[in-house]
Amino acid sequence: MTVITRFAPSPTGLLHIGGARTALYNFLFSRHHGGKFLLRIEDTDRARSTEEAVRVILEGLEWLGITPDEPPLFQSTRFARHVEVAHQLLAAGKAYRCYCTPEELAEMRERALREGRAPRYDGRWRNRDPSEAPPGVAPAIRLKAPQEGETVVEDLVQGTVRVANAELDDMILLRSDGTPTYLHAVVVDDHDMGITHVIRGDDHLTNTFRQIQIYRAMGWEVPRFAHIPLIHGADGKKLSKRHGAVSVLEFREQGYLPEALCNYLLRLGWGHGDLEVISREEAIRLFDIKDVGRAPARMDYAKLTHLNAVWLRRADDERLLAEIEARLALRFGPLTETHRARIRALLPELKERAKTLNDLAEAASFLITRPEFEPKAAALLDASRRALLARLAARLAETPFEDRATLHETLRQFAEAEGLKLGEVAQPLRAALTGRTTSPPIDATLAALGREETLARLKALPPLEEAVETLRDRG
RNA sequence: GUCCCGUUCGUCUAGAGGCCUAGGACACCAGCCUUUCACGUUGGUAACACGGGUUCGAAUCCCGUACGGGACGCCA
């Protein structure tokens, strides 16, 4: 049997990391078993569904590399089929029309709650004769669910979960306005799509019992289920639109790499020994739904960021260059080939130091624009250091810049001649060239910037007394 | 309220009765490396929710308690 899984988000909000992880697990599971992964957009709630949300889901999945094997199916297009199945059930005597009014149901619920019972439909139309139907009332169609025995889910994650059928009431299949309910539509679609494994959030676990009853009533094969725990926010509360649920696209904007986010999401609720850094290929090879934990996990940005730094260091330089360029161009306009060459030259050093693409772009910015000086850097550029740098400039004017080792040696000899330690030369130089007190190694920085630009910056050092004063005033 | 699920360092997890003096990762602290910052590296702080069983032996099995989560809709 070919494994077919699906991700079935409703386009009423964002694609947040909880949804993204569900999609990832479905994807990995199907790939691990050489099967298919499908996408179904559950847009039956027309009032709340938006095209924008659909776009965000599609774009988010695309970015994460979790793409379906077939074009997405929109649930709203399946309306007629949902109705058809409900009527089949009706004709087979496995469903019935219920003429209860909303007021009646509300009262039923209230009384149950008051008497400490679970709020359930009491089945008052289950066995009534259709001739008793009140005139002018449009009926809902309810499933004639078994009342005795129990319904069991052999869940791949949760294990065997059973509930007494007496706990379940007769669910509505078709509303009185003729539209299908979610629970019914999902079953019909999953069946028609040939879904073999339903992997979803464990907030659906208790829905599963009712869904199984529909499969049974139709005589359909019941798929395997795997209910994975929800992801909670950093504060341990459920992720919701109002509460820490950010779109996966925001992670992209913040400079996270899709492979890092996937790696993080994979490890959130799943583990394989001591493995932490896991590629897509390894994930496909190792992923087993049985290894998914049962407790909800919390989002931890620090770990995500760490993983991002790991993947950043492994990333291809040209790809990173494109990402940096896209970000810097927003601030400084199009880059020139000279700029690109500088970034390329320093990239191996820059990527060691960055946690996100945004960090990386920021750290590279001095290569394409004259720096603004941080107070601590400005403080390094007092009169005597400026004189020192002027003497150094004369030496650098005669030094080839192609080779880091040569530059390093030049600096070392210069420092020695001045009776200084290397750092006492390197720090003012770094400050003058980058405007900061931290940067990649000074020889690499010089080499990337080139002789012409280096000398120009040393010559054109702006007066920075003001900054120095400010720093002094602050203590 | 009823039903369902869960509970190992701050966080993510390893752990399928003896391999556990409970391992790894992030974060944190200290040291080393060093031209700054990172990287790297060495070490450290830190957990089996609680109470009863079962067993020669329990983080692992059973029961209860507490706490957390989810579901109970003519929402999805």
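Just so it is clear: chains get the letters A, B, ... in the order the sequence lines come, proteins before strands, and each one is counted from 1. These figures come from a predicted structure and were not determined experimentally.
- Between the C1' atoms of B:rG70 and B:rU55, the separation comes to 35 Å (whole Å).
- The partner of B:rG43, taking Watson-Crick or G-U wobble pairs whose two distances both stay under 3.5 Å, is B:rC29.
- Salt bridge annotation for A:Glu276-A:Arg267: present, with a cationic side-chain nitrogen under 4.0 angstrom from a carboxylate oxygen.
- To the nearest whole angstrom, the two C1' atoms, one in B:rA14 and one in B:rG24, are 7 Å apart.
- Heavy atoms from other residues, nucleotides or ligands lying under 6.0 Å from CD of A:Glu104 number more than 12.
- Using a 4.0 Å heavy-atom criterion, one finds that A:Leu268 contacts the sugar-phosphate atoms exclusively.
- Rounded to an integer number of Å, the gap from CG of A:Leu411 to P of B:rU36 is 14 Å.
- If you check every strand for non-hydrogen atoms under 4.0 Å, A:Cys98 touches nothing.
- Within residues 441-448 of chain A, the residues that have a heavy atom under 4.0 Å from RNA chain B are, in order of number, A:Pro441, A:Ile442, A:Asp443.
- Within the 4.0 angstrom heavy-atom criterion, only backbone atoms of the sugar-phosphate kind lie near A:Arg109; the bases stay farther away.
- No contact: A:Pro102 has no heavy atom under 4.0 Å from any strand.
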Close N or O pairs between protein and nucleotides 47-50 of chain B (under 3.5 Å):
none

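- Among the protein residues, A:Leu429 comes within range of no part of the nucleic acid, since none of its heavy atoms lies under 4.0 Å from any strand.
- The CG-C1' distance, from A:Leu168 to B:rA71, rounds to 11 Å in whole Å.
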Check nucleotides 39-46 of chain B against the protein and report each pair of N or O atoms closer than 3.5 Å, with its distance, or say if there are none.
unit_1 : atom_1 : unit_2   : atom_2 : d
B:rC39 : O2'    : A:Glu352 : OE1    : 3.1

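- Taking every side-chain heavy atom of A:Asn207 into account, B:rC72 is the closest of B:rU13, B:rC74, B:rC72.
- Between B:rG43 and B:rU7, the distance separating the two P atoms is 32 Å to the nearest Å.
- Judged by distance alone with a 3.5 Å cut-off, a donor-acceptor contact links the side chain of A:Arg430 to the base of B:rU35.
- Per the geometry, CZ belonging to A:Phe74 stands 16 Å off C1' belonging to B:rA76, to the nearest Å.
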When you compare the protein's N or O atoms with those of nucleotides 16-23 of chain B, which come within less than 3.5 Å of each other, and at what distance?
unit_1 : atom_1 : unit_2   : atom_2 : d
B:rG23 : N2     : A:Asp274 : OD1    : 3.3

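- Going from the P atom of B:rG17 to that of B:rC32 covers 46 Å, rounded to whole Å.
- B:rU7 and B:rA66 make up a base pair, with Watson-Crick or G-U wobble contacts both under 3.5 Å.
- Environment of CZ in A:Arg224: sparse, with no more than 12 heavy atoms of neighbouring residues, nucleotides or ligands closer than 6.0 Å.
- Between A:Ala138 and A:Leu304, the residue whose closest nucleotide on RNA chain B is further toward the 5' end is A:Leu304.
- We find that CD of A:Glu167 is positioned 12 Å from C1' of B:rG1, with the value rounded to whole Å.
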Pairs under 3.5 angstrom, nitrogen or oxygen only, protein versus nucleotides 4-7 of chain B, please.
unit_1 : atom_1 : unit_2   : atom_2 : d
B:rC5  : O3'    : A:Gln158 : OE1    : 3.4
B:rC5  : O2'    : A:Gln158 : OE1    : 3.1
B:rG6  : OP1    : A:Arg294 : NH1    : 2.9

Can you name the atoms? Protein N/O to nucleotides 32-34 of chain B N/O, anything below 3.5 Å, with the distance.
none

